[in-house]
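Chain letters run A, B, ... following the sequence lines, proteins first and then strands; every chain starts at 1.
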There are 2 protein chains.
Amino acid sequence: MQSSRETPQADAATERRASELIVAASRFVRAASRHRGRDRSPIVLRTLSNLLASGPMRIGDLAVAEHITQPTMTGVVKRMELEGLVARESDPDDGRAWLVAITPAGQEVLEGFRVRAGERVEPALAHLTEEERSILWSAARIMGKVTAELNSE
Amino acid sequence: MQSSRETPQADAATERRASELIVAASRFVRAASRHRGRDRSPIVLRTLSNLLASGPMRIGDLAVAEHITQPTMTGVVKRMELEGLVARESDPDDGRAWLVAITPAGQEVLEGFRVRAGERVEPALAHLTEEERSILWSAARIMGKVTAELNSE
DNA sequence: TAAATAAGATAGCCAAGCTATGTAATTGGT
DNA sequence: ACCAATTACATAGCTTGGCTATCTTATTTA
């Protein structure tokens with residue numbers, strides 16, 4: 001059971017725990033997102049979050065950022081525009097392109113989601129120990145690092 | 001801005017971090033699940049995982065366990081059956097019901113997903129410190145606890 | 001035994017993903 | 001300066017996975 005430089009046993013254990021982490025995170029996200037009220041889909045919320053952080057963006061750039069195809073993002077933006085969450089203006093530098101910007105209504109929706117999601121999970125988090133909560137906050141940061149590396153491939 | 005018996009400042013901070021956790025987990029799951037090969041959807045994989053852990057189950061019980069409606073689970077099981085991932089047999093105790101069981105092919109699919117997902121994220125995890133990895137494993141367990149509480153409501 | 005209940009199936013809708021392809025604007029090579 | 005290639009987005013058509021409403025059939029119960 002001694003380790004080699006590739007430590008295949010460790011890799012197998014890591015892979016198993018990694019898949020458990022994915023499943024646990026997947027179930028958690030589903031449970032936490034199932035709160036009441038005017039729900040928006042994950043892709044809409046991620047797009048709003050992206051626009052708030054980065055300012056107006058082209059549809060193609062939004063698609064790349066969210067790792068979906070351009071036709072899919074075109075449809076998402078179209079629905080968001082109908083709901084008034086974003087506005088589009090033609091790109092002065094390129095007649096083919098549009099700039100999509102978050103509206104005040106879009107910002108309210110995003111903030112409302114954050115508040116309600118927090119409200120929903122907060123009681124469950126309150127039953128954890130202080131140490132367990134701090135593990136979750138650290139895990140959020142670490143998952144962010146891992147996600148960035150996965151997305152850079 | 002003084003604190004009441006409910007310590008609103010702490011709640012607000014917890015809510016904010018909770019929403020950050022949800023977003024981080026959501027992006028991580030998407031990134032980790034975007035591996036190549038014969039992909040199955042999250043609901044199919046969760047259902048397989050559930051059947052493997054719990055043995056043959058009724059469609060209605062599967063729907064409750066996954067928090068989707070019965071008609072949706074009927075469709076999921078139908079597609080899984082066409083792919084040979086599950087088999088159904090009539091419930092000897094209730095002529096209206098079916099028992100859905102995972103097949104060897106379903107077990108292979110589930111195991112294959114676990115291996116590929118692990119393979120995909122393992123390199124990124126290898127760049128973390130030992131402590132960071134152990135935080136993620138702990139977080140998986142804690143998210144499971146929180147999910148159970150959220151789902152029990 | 002008739003009524004109420006429960007388990008699945010069906011129908012019909014929508015959102016969100018995909019590939020393939022079309023259109024219009026921009027860029028680039030000669 | 002022009003024509004070809006590329007680029008940005010739109011459209012068409014498909015699948016999956018979610019929903020509600022309703023139907024059928026089997027079981028329970030009054």
ask   = Can you tell me how far C1' of D:dT7 sits from CZ of A:R58, to the nearest Å?
value = 9 Å
ask   = Any N or O donor-acceptor pair linking the side chain of B:R96 to the base of C:dA6 at under 3.5 Å?
value = yes
note = Of the candidates C:dG17, C:dG8, D:dC9, the side chain of A:I68 sits closest to C:dG17
message = Ignoring hydrogens and geometry beyond distance, is the side chain of B:Q70 in donor-acceptor contact with the base of C:dA9 at under 3.5 Å?
response = yes
query = Considering only D:dC9, D:dT20, C:dG17, which nucleotide approaches the side chain of A:V76 most closely?
reply = C:dG17
key: Donor-acceptor side-chain pairing of B:T74 and B:Q70 below 3.5 angstrom   = yes
query = Within this structure, what is the CG-to-C1' distance between A:D93 and D:dT7, rounded to whole angstrom?
reply = 15 Å
message = By nearest heavy atom, map A:I59 and B:I43 onto DNA chain D; which one lands nearer the 5' end?
response = A:I59
query = Under the 3.5 angstrom rule, does the side chain of A:S26 hit a backbone N or O of A:I22 as a donor-acceptor pair?
reply = no
query = Across the strands shown, which category fits B:D94 at heavy-atom distances under 4.0 angstrom: base, sugar-phosphate, nothing?
reply = sugar-phosphate
ask   = Between A:L45 (CG) and C:dA15 (P), how many Å, whole number?
value = 15 Å
inquiry  = Does C:dG8 have OP1 or OP2 under 4.0 Å away from a side-chain N or O of B:T74?
reply    = no
request  = Verify the contact: side-chain N or O of A:R88 to OP1 or OP2 of D:dA10, cut-off strictly under 4.0 Å; return yes or no.
outcome  = yes
query = Between the side chain of A:T103 and the main-chain N/O of A:G84, is any donor-acceptor distance below 3.5 Å?
reply = yes
inquiry  = For C:dT10 and B:K78 - does any side-chain N or O of the residue sit under 4.0 Å from the phosphate oxygens OP1/OP2?
reply    = yes
query = Can a side chain N or O of A:S41 be found less than 4.0 Å away from OP1 or OP2 on C:dA15?
reply = no
query = What is the distance, rounded to the nearest whole Å, between atom CD of A:E66 and atom P of C:dA16?
reply = 12 Å
task = Return the value, rounded to whole Å, for the distance between atom CG of A:L62 and atom P of D:dA10.
result = 12 Å
Per A:R79 side chain, nearest of listed nucleotides C:dA15, C:dG8, D:dA10 = C:dA15
key: Side chain B:S19, main chain B:R16, donor-acceptor under 3.5 Å   = yes
task = Give B:P42 one of three labels, base, sugar-phosphate or nothing, depending on what nucleic acid heavy atoms sit under 4.0 Å from its own.
result = nothing
inquiry  = How many whole angstroms separate atom CG of B:L85 from atom C1' of D:dT16?
reply    = 14 Å
request  = May I ask you to test the A:S49-B:R27 pair for a side-chain heavy-atom distance under 4.5 Å?
outcome  = yes
ask   = Where the side chain of B:R17 meets the backbone of A:S134, is there a donor-acceptor pair that is under 3.5 Å apart?
value = no
ask   = How close or far is atom C1' of C:dG17 from atom CZ of B:R40, stated in whole angstroms?
value = 17 Å
task = Kindly say if B:R30 contacts the phosphate of C:dG17, meaning a side-chain N or O under 4.0 Å from OP1 or OP2.
result = yes
query = Taking atom P of D:dT7 as reference, at what distance in whole Å does atom CG of A:D91 sit?
reply = 16 Å
remark   = Out of C:dA20, D:dA8, D:dC19, minimum distance to the side chain of B:T72 belongs to D:dC19
